[in-house]
Amino acid sequence: MYKLLKKDGSARRGRLNTVHGGIETPVFMNVATAGAIKGAVSCDDLETINTQVVLSNTYHLHVRTGDKLIKELGGLHRLMNCKRPILTDSGGFQVFSLASLRKIKEEGVYFRSHIDGHKIFMGPEESMNIQSNLGSTIAMAFDECPPALADRAYIKPSVDRTTRWLLRCKNEITRLNSLDTTVNPNQLLFGINQGGIFNDIRIEHAKTISEFELDGYAVGGLAVGESHEQMYDVLDNVVPYLPQNKPIYLMGVGTPSNILEAVDRGVDFFDCVYPSRNGRHGQVYTNAGKMNLLNEKFAKDMRPIDEVCTCPTCRSYSRAYIRHLLKAKEMLGLRLCVLHNLHFYNEMMTEIRTAIDAGNFKEYKRKKLEKINMKSC
RNA sequence: GGGCGAAUUCCCGAGUGGCCAAAGGGGGCAGACUGUAAAUCUGCUAGCGAUGCUUUCGAUGGUUCAAAUCCAUCUUCGCCCA
């Protein structure tokens, strides 16, 4: 399945083969929570922005429009007309982000729908069933993502429960994959390491889940309130204890700098709402730093967002035009920014892979960080 | 020609003697956002030597300790009658 092709320091070049095609790593997955990348980006657009993997969400698709219907329609790939691998998050993050609307129990989590308030129960088996119905390429284990600042007394039992849930996830997906009615009987399962910022809990948990022989391992519960230094420290400590012959996924991260630092610590998979959400809010990434296109200084700026960018947006449109569209609240403005940002991220991942292949990742990272942290914008 | 009504800070609009530099929108300016309850949220939006001072509610003059608010005249804009 996963092939580690080359190491450059701790940075890894690899390939994960799936039934929906190969994934060259390190990779940034483009977030399409509710079955679409927000900003009117279609699966056709993925070709022009170099997307390899799409990420969707168990909870959101279950609540609307329903995983059973999606299965009936042939699965999420068919529904979205997506020809690339799709990873589905398990709903574990919603245990964190919908904290005010849920109650955690041993059997699972009781949510109140953020749409209409009705009660929803989701445990490991439910999450696996939903993800199986969606037929995603990679399913994530159902975990609890506790807040970064939670104390030891909260984290320890939470992590232990996440471990018990992982066993239930594995058993359930094994059962589901064996049924002849399954949309994607080759669905992969990634487990998730937790432990807050407590390295001893993290390491112990990493060792435990390493024995589950999963298809990949994620580090979750980061970038949820702790500092960058704390996050990097956790990675330094935990990544070495995860199976090195499997892909390693840092969930929900992050900024371009975060990604460069995490690749340098052995991480292969990433996802983050930043490029899409920030794009919708007019903030775009360039090789000369971040830029808020809503700023007045771009009103007469007829240059493309990034002079060296080859994305569909930069090939045709100016900062002034996009600023105008954003001000006029035209959907096209959001779309152009999202396309640019995703292209920027995906392009950076290509550069990262090229650098690792060439054995000069450290040098590449140093130069890239210099560029993207420039304040000239 | 006569009658009635209205004029508020960039715009709309509340306020009808002191708690008013003046609600609330909009617009403008800036910031935030990390497995997306997020095309969302937050802050600022008369000026300044700034826990105070100055100028401001169509204009001018007046009443009052105190006026965006009361009075007079004027100007402009609506509506109605001729």
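Throughout, a chain's letter reflects where its sequence line sits, starting with A, and its residues are numbered from 1.
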Subject >> His60(A) aromatic ring stacked with six-membered ring of U36(B), 5.5 Å and 30° >> reply: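 No, His60(A) does not stack on the base of U36(B).
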Original post:
When you check the gap from the basic side-chain N to the acidic O, do Lys362(A) and Asp264(A) get nearer than 4.0 Å?
Top reply: yes
Original post:
Between A59(B) and U8(B), how far is it from one P atom to the other, in whole Å?
Top reply: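 One P to the other, the span is 10 Å.
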Subject >> Gap in Å between the two C1' atoms, one belonging to G25(B) and one to U63(B), rounded >> reply: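 The answer is 36 Å between these two C1' atoms.
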Original post:
Judged by atom type as modelled, is there a donor-acceptor pair below 3.5 Å linking the side chain of Thr51(A) to the main-chain atoms of Glu47(A)?
Top reply: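 No.
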**OP:** Could you tell me whether the side chain of Arg202(A) and the main chain of Gly196(A) form a donor-acceptor pair under 3.5 Å?
**Re:**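 Yes.
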Whole angstrom is fine here: how far is it from [atom1] in [X] over to [atom2] in [N]?
| X | N | atom1 | atom2 | answer |
| --- | --- | --- | --- | --- |
| Asn30(A) | U34(B) | CG | P | 18 Å |
| Tyr274(A) | U34(B) | OH | C1' | 4 Å |
| Tyr232(A) | U34(B) | OH | C1' | 11 Å |
| Glu261(A) | U34(B) | CD | C1' | 15 Å |

**OP:** Decide whether Tyr59(A) and His114(A) meet the rule of one side-chain donor and one side-chain acceptor closer than 3.5 Å.
**Re:**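 There is such a pair between these side chains.
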Subject >> Side-chain donor-acceptor pair present, Asn341(A), Asn278(A), cut-off under 3.5 Å >> reply: no
Using Watson-Crick or G-U wobble geometry with both distances below 3.5 Å, tell me the partner of [N], or none.
| N | result |
| --- | --- |
| U16(B) | none |
| U73(B) | A59(B) |
| C29(B) | G43(B) |
| U36(B) | none |
| U9(B) | none |

Heavy-atom donor-acceptor pair, [X] side-chain to [N] base, under 3.5 Å:
| X | N | result |
| --- | --- | --- |
| Glu296(A) | G27(B) | no |
| His114(A) | U36(B) | no |
| Asn57(A) | G35(B) | no |

So, is [X] close to the [N] phosphate, meaning a side-chain N or O under 4.0 Å from OP1 or OP2?
| X | N | value |
| --- | --- | --- |
| Ser97(A) | U36(B) | no |
| Gln94(A) | A37(B) | yes |
| Arg277(A) | U40(B) | no |
| Asn292(A) | A30(B) | no |
| Arg323(A) | G28(B) | no |
| Lys290(A) | C33(B) | no |

